[in-house]
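Note sheet for the following structure.
Here is how names work: the chains are called A, B, and so on, in the same order as the sequence lines, proteins then strands, and each is numbered from 1. Just so we're clear, the structure is a prediction, and the values are computed from it rather than from any experiment.
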Protein chains: 2
Amino acid sequence: MEPTYPQPLVMVDTALFTIREERLCLILTRRREPPFEGVLALPGGFVHVQEDADTEMAARRVIRSKIGFDARYLEQLFTFSGPARDPRGWSVSVAYYALIPLTLLDQSQAAEALPVDALPPLPFDHPQIVARAVERLRGKATYSSLPAFLLPGEFTMNDLHRIYEQTIGARLDKASFRHKILEQDIIEPIPNRFRVGAHRPAQLYRLSSKALTPFERKI
Amino acid sequence: MEPTYPQPLVMVDTALFTIREERLCLILTRRREPPFEGVLALPGGFVHVQEDADTEMAARRVIRSKIGFDARYLEQLFTFSGPARDPRGWSVSVAYYALIPLTLLDQSQAAEALPVDALPPLPFDHPQIVARAVERLRGKATYSSLPAFLLPGEFTMNDLHRIYEQTIGARLDKASFRHKILEQDIIEPIPNRFRVGAHRPAQLYRLSSKALTPFERKI
DNA sequence: AAATGTTATTTGCAAAAAACAATTAACTGT
DNA sequence: ACAGTTAATTGTTTTTTGCAAATAACATTT
């Protein structure tokens, strides 16, 4: 009962976000094959039906091969499709976006992260994927724990405050932010852990288990 | 430069919501072919690369062939994939959900709409698609104009109030609801149009152009 | 014509949340 | 001990929400 129709090509593309120098950035990759050989693009690849349990696993595979480890947060974004988006033929790309703390990247990877508002011309329909990814991230940032995944496992309230401001691109009141975040139980103080310096020590926090909604999950 | 990998089957599935007897319902279809011939399922079908400009057009085609006209609101939901979700092989299903006013359906279609909390056992991974669709609709209902698309083009404030309560499944304050909706500019009064009866006439409203966010669109 | 029933719409007030501005706390280094 | 710096809290004003009641606009009945 296989359909007799010719089937589209199926691939995944990933938008890998990080924060560098106070700006929301994307990690791009230089394509090693045609089409668009040598051009900077979103990391992506074909789904491998032999080895991938689903498209999310394909996305994880792509991400690992790019940065060497798993993203702290990965979520399906949108599926792009059509005859024209890829010169190789009618294709379907399941796009994902991921959040990666800059501190986990090595020197050269970190340097390659480019601000989302100053990207080079991108091939395929990657500009649309980027637009949607930024929109989604900004939209979710205001009411979820997402931006926390751009930080390493331990962070101060001010770290978190800054990263929310940078992903949303707007100023947030310090006291209200603190209150709202703590009330939502998405982070918890790590007992007796403080960041010290030439000033009052800052309580260190970590994400709590309530940080994600049911359909989202850490990988 | 075609990939040599075997490619997945690509299909679309649709969750068609309507409100019947104060309850959120889905319009199912009885499958005419194997697998699962004769079983109630979400309307769906393969993508036709010859005629479909993208998966959204495939979804529209499926919806038209089911109910005979276009949905008032259509949005991509999520893409499901894997070797086991369909017995025909490794497949990708781009799922959509749509909102359809009951009044537009004919008698037999309307009768087939079943409450989301009392569905029969569904084939494939359709239960997961339904769960995600209901989650998305309920989630968006609280802060968007979505539920209005379950109503015909003209409606009263009380119609709208009721349909929001029914999709969300919770009670909403009358005065606050009115205030919030009007403040958001998602609907506008139709000048000099009222629903009359044995009581004070009710102002009729319609959706305004601001009713949808950039990435959403009417079809 | 006035009273009644019914649904629509507005108003007023208390409670809660958010925004804003300032103060207090806890360190290091001099 | 004091200055400098960042953390954390507190108090006050403004805005939003929740709740209850009052008023408005009819058709129908008395």
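Taking 4.0 Å as the cut-off between side-chain N and carboxylate O, B/Asp70 and B/Arg64 count as a salt-bridged pair. Taking 4.0 Å as the cut-off between side-chain N and carboxylate O, B/Glu75 and B/Lys140 count as a salt-bridged pair. One finds no salt bridge joining B/Asp54 and A/Arg85 here, because no Lys/Arg side-chain nitrogen approaches an Asp/Glu carboxylate oxygen to under 4.0 Å.
In this structure, the CG atom of B/Asn158 is 8 Å from the C1' atom of C/dT7, given to the nearest Å. In this structure, A/Arg171 places its CZ atom 12 Å from P of C/dA21, rounding to the nearest Å. If you take CG of B/Leu204 and P of C/dA8, they are 11 Å apart, rounded to a whole angstrom.
Rounding to the nearest 0.5 angstrom, the gap separating the CD1 atom in B/Ile100 from the NZ atom in B/Lys66 is 10.0 Å. To the nearest 0.5 angstrom, A/Thr167 atom OG1 is 7.5 Å from A/Arg138 atom CZ. A distance of 5.5 Å separates OH in B/Tyr205 from CD in B/Gln203, rounded to the nearest 0.5 Å.
A heavy atom closer than 4.0 Å to some atom of DNA chain C occurs in B/Lys174, B/Ala175, B/Arg178, these being the qualifying members of residues 172-185 of chain B. For residues 189-201 of chain B, proximity to DNA chain D is found at B/Gly197, B/Ala198, B/His199, B/Arg200, B/Pro201, defined as any non-hydrogen atom under 4.0 angstrom from a strand atom.
Cation-pi geometry between A/Arg132 and A/Phe78 is met: under 6.0 angstrom from the ring centre, within 45 degrees of the axis.
Not a single donor-acceptor pair under 3.5 Å links the side chain of B/Ser176 to the backbone N or O of B/Asp173.
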